[in-house]
A.B. asks: 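Below is one structure. I have some questions about it.
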There are 2 protein chains.
Amino acid sequence: MNRDEAIDLLKQKGYKATGKRKDILWFFEEADGYRTAKDLTRFMENNYEGISYDTIYRNLHLYHDVGILEATELNGEKHFRMNCTKHHHHHFICKDCGKTKEIAVCPMDDVINALSNYTIEDHKFEVYGLCPACKTA
Amino acid sequence: MNRDEAIDLLKQKGYKATGKRKDILWFFEEADGYRTAKDLTRFMENNYEGISYDTIYRNLHLYHDVGILEATELNGEKHFRMNCTKHHHHHFICKDCGKTKEIAVCPMDDVINALSNYTIEDHKFEVYGLCPACKTA
DNA sequence: TTACAAATCGTAATCATTACGATAATATGA
DNA sequence: TCATATTATCGTAATGATTACGATTTGTAA
C-alpha cells in the first residue's frame with residue numbers, strides 16, 4: 001500500500017484526510033520498515049510542535065484498524081509499518097534499522113493438517129537479525 | 001524441563017532455592033502453558049501475602065536468563081512458560097487458556113538459503129487460536 | 001459559507017514493569 | 001551448630017508506553 005491508496009481508503013471509509021494524517025503516511029512510506037510510536041512522535045514534532053499523544057496513538061490505531069498499517073511487537077514496544085496487502089507473506093526484520101525483507105516461505109499449509117481439531121485464528125512468522133547494510137556498518 | 005531439573009540448575013549456577021522460587025516453579029509446571037507476571041502474582045499472593053513486585057519480576061527474569069522459562073509477547077504483555085529444551089520446535093498457543101501444543105514444522109531451513117547475505121539471529125513462529133477444550137467450552 | 005461531525009489539544013490517568021535502600025533468609029565453612 | 005558473607009525479599013516509588021477525556025479547532029458536504 002502506498003500513500004495515495006491509503007488516503008483513498010481513508011476517505012472511502014468516511015475519515016478525513018488531514019495534514020497530520022498525510023504526514024504520518026509520508027513518514028511510514030519513507031521509513032520502509034518498522035517504526036515505533038516514539039519514532040513517529042519525534043518526526044511529527046518537527047512539523048507540529050506540541051502534537052498530542054492522543055493524535056499519534058489514535059491515528060496509529062485507526063491506520064491499523066483499516067489495514068493501512070500492520071503491527072508487531074519488538075522488545076516490548078509496538079512497531080508499525082505500511083501494510084503489504086498484495087499477497088500473504090512474512091518478514092525478515094532488521095534489529096538495527098527496522099527495515100524488512102519479504103520471505104516467500106509460509107509454513108502454514110503443513111501446520112493446518114497437524115492441528116485438525118484446533119481452531120486456527122492467526123499466526124506469526126518472523127526472522128530477526130541484521131540486514132546487509134547494518135551488518136557491514 | 002521440570003521442577004527438579006530447574007532447582008538443580010539454579011543451585012548449580014549458585015542461586016538459592018528458596019520457598020518462593022520453588023513455588024514459582026510449581027506454578028509454571030502446573031500451568032502447562034503461557035502465563036503473565038500478573039497470573040503469577042495472583043497465585044503467589046495466596047501463599048505469601050504482600051509479596052513484592054521485585055520478587056516476581058526478578059525471578060521471572062532470572063528463570064528466563066538461565067533457561068528455565070521461555071517468553072513471548074501476547075497482547076502487549078510478556079508471557080512465560082516452562083522451557084522445553086529437549087529439541088527445537090514451535091508452538092500453537094490457545095488464546096483462551098494459554099496452553100500450548102508442539103508444532104513439528106520449522107521453516108527455517110528453507111529461509112536460511114533465501115537470506116544468504118543477512119545475519120540471522122533469531123526467529124519466531126507461533127500459531128494462535130483455540131485448543132479443542134476451549135473450542136467446545 | 002455554514003453547520004456539524006470528526007480531529008486535535010493539553011493534560012492527567014493507567015498499567016506493566018523497573019529500581020532501590022533497608023531488612024531478612026540461605027548456604028557454607030569453622 | 002553457629003557465624004558470616006552473600007543472596008533474596010520487602011516496601012514503595014519511579015519510569016515509560018499507552019490510554020482517556022473535556023474543551024477546542026478543523027475539514028467536509030450541502
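Here is how names work: the chains are called A, B, and so on, in the same order as the sequence lines, proteins then strands, and each is numbered from 1.
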A.B. asks: Answer with yes or no whether the hydrophobic clustering places M44(A) together with L10(A); edges join I, L, V, M, F, W, Y residues whose side-chain heavy atoms lie under 4.5 Å apart.
C.D. replies: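 Both belong to a single hydrophobic cluster.
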A.B. asks: I need the minimum non-hydrogen distance between F28(A) and F80(A), along with the two atoms involved.
C.D. replies: CE2-O, 3.3 Å
A.B. asks: Side-chain N or O of R58(A) versus OP1/OP2 of dT8(C): is the shortest distance under 4.0 Å?
C.D. replies: yes
A.B. asks: So, does R21(B) use its side chain to make a donor-acceptor pair with the main chain of K16(B) at under 3.5 Å?
C.D. replies: yes
A.B. asks: Take atom OH of Y48(A) and atom P of dG10(C), then tell me their distance rounded to the nearest Å.
C.D. replies: 14 Å
A.B. asks: Which of parallel (below 30°), tilted (30 to 60°) and perpendicular (above 60°) describes H89(B) and H91(B)?
C.D. replies: perpendicular
A.B. asks: Is there a side-chain contact between T55(B) and the phosphate of dC10(D), meaning an N or O under 4.0 Å from OP1 or OP2?
C.D. replies: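 Yes.
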A.B. asks: Quick one, which residues of residues 59-81 of chain A touch DNA chain C with a heavy atom under 4.0 Å?
C.D. replies: N59(A)
A.B. asks: Taking five pairs at each end, how big is the angle between the two axes of the helix from dT1(C)-dA30(D) to dA30(C)-dT1(D), to 10°?
C.D. replies: 30°
A.B. asks: Over 60° means perpendicular and under 30° means parallel, so tell me whether H61(B) and Y57(B) are parallel, tilted or perpendicular.
C.D. replies: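 Geometry flag for Y57(B) against H61(B): tilted rings.
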A.B. asks: Does a sphere of radius 6.0 Å around NZ in K11(B) hold more than 12 heavy atoms from other residues, nucleotides or ligands, not counting ones at 6.0 Å or beyond?
C.D. replies: no
A.B. asks: I'd like a list of close polar pairs between nucleotides 23-30 of chain D and the protein, N/O only, cut-off under 3.5 Å.
C.D. replies:
residue: dG27(D); atom: N3; partner: K16(A); partner atom: NZ; Å: 3.4

A.B. asks: Name the residue closer to the 5' end of DNA chain C, choosing between R21(A) and E49(A) according to the nucleotide with the nearest heavy atom.
C.D. replies: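 Upstream on the strand: R21(A).
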A.B. asks: Assign the ring pair W26(A) / F43(A) to parallel, tilted or perpendicular, where the plane angle (0 to 90°) is split at 30° and 60°.
C.D. replies: parallel
A.B. asks: Restricting to nitrogen or oxygen on both sides, can you table the protein-nucleotides 11-15 of chain C pairs closer than 3.5 Å?
C.D. replies:
none

A.B. asks: Taking only side-chain nitrogens and oxygens of Y57(B), does any of them come within less than 4.0 Å of OP1 or OP2 of dT17(C)?
C.D. replies: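 Yes.
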A.B. asks: Count the heavy atoms belonging to other residues, nucleotides or ligands that lie under 6.0 Å from OH of Y128(B), then report whether that count exceeds 12.
C.D. replies: yes
A.B. asks: Out of curiosity, does L9(B) fall in the hydrophobic cluster containing L62(B) (side-chain heavy atoms, cut-off under 4.5 Å, transitive links)?
C.D. replies: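 Yes, because L62(B) and L9(B) connect within a single hydrophobic cluster, where side-chain heavy atoms sit under 4.5 Å apart.
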A.B. asks: Atom NZ of K20(B) and atom P of dA25(C): how far apart are they, to the nearest Å?
C.D. replies: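 It is 8 Å, rounded to the nearest whole Å.
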A.B. asks: Between dA25(C) atom P and K22(B) atom NZ, what is the distance in whole Å?
C.D. replies: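 After rounding, the reported distance stands at 15 Å.
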A.B. asks: Does E121(B) have more than 12 heavy atoms from other residues, nucleotides or ligands lying within 6.0 Å of its CD?
C.D. replies: yes
A.B. asks: Taking atom C1' of dT18(D) as reference, at what distance in whole Å does atom CG of L40(A) sit?
C.D. replies: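 Result: 14 Å.
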A.B. asks: Going by side-chain hydrogen bond (donor to acceptor under 3.5 Å, both in side chains), name the residues that satisfy it together with R81(A), two or more places apart in sequence or in a different chain.
C.D. replies: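 T100(A).
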A.B. asks: For T36(A), check side-chain contact (heavy atoms from CB on, under 4.5 Å) against everything at least two apart and list the hits.
C.D. replies: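 Scan of T36(A) (side-chain contact (heavy atoms from CB on, under 4.5 Å), adjacent residues dropped) gives K38(A), D39(A), E77(A), H79(A).
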A.B. asks: To the nearest Å, give me how far apart NZ (K13(B)) and C1' (dT7(D)) are.
C.D. replies: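 Distance, rounded to whole Å: 17 Å.
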A.B. asks: Using whole Å, what does the distance between atom C1' of nucleotide dA27(C) and atom CD of Q12(B) come to?
C.D. replies: 17 Å
A.B. asks: Name the nucleic acid region contacted by G50(A), choosing base, sugar-phosphate or nothing; use a 4.0 angstrom heavy-atom cut-off, strictly under.
C.D. replies: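 Counting heavy atoms under 4.0 Å across all strands, the contact made by G50(A) is with sugar-phosphate only.
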A.B. asks: Taking atom CG as the centre, does N75(A) end up with more than 12 heavy-atom neighbours from other residues, nucleotides or ligands that are less than 6.0 angstrom away?
C.D. replies: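 For N75(A), atom CG is not crowded (no more than 12 foreign heavy atoms under 6.0 Å).
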A.B. asks: M44(A) has an atom CE; how far is it from atom P of dG10(C), in whole Å?
C.D. replies: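 Whole-Å distance recorded here is 14 Å.
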A.B. asks: Should the heavy atoms of other residues, nucleotides or ligands under 6.0 Å from NZ of K99(B) be counted, would the total exceed 12?
C.D. replies: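 For K99(B), atom NZ is not crowded (no more than 12 foreign heavy atoms under 6.0 Å).
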A.B. asks: Provide, to the nearest angstrom, the distance between the CG atom belonging to L10(B) and the P atom belonging to dA25(C).
C.D. replies: 20 Å
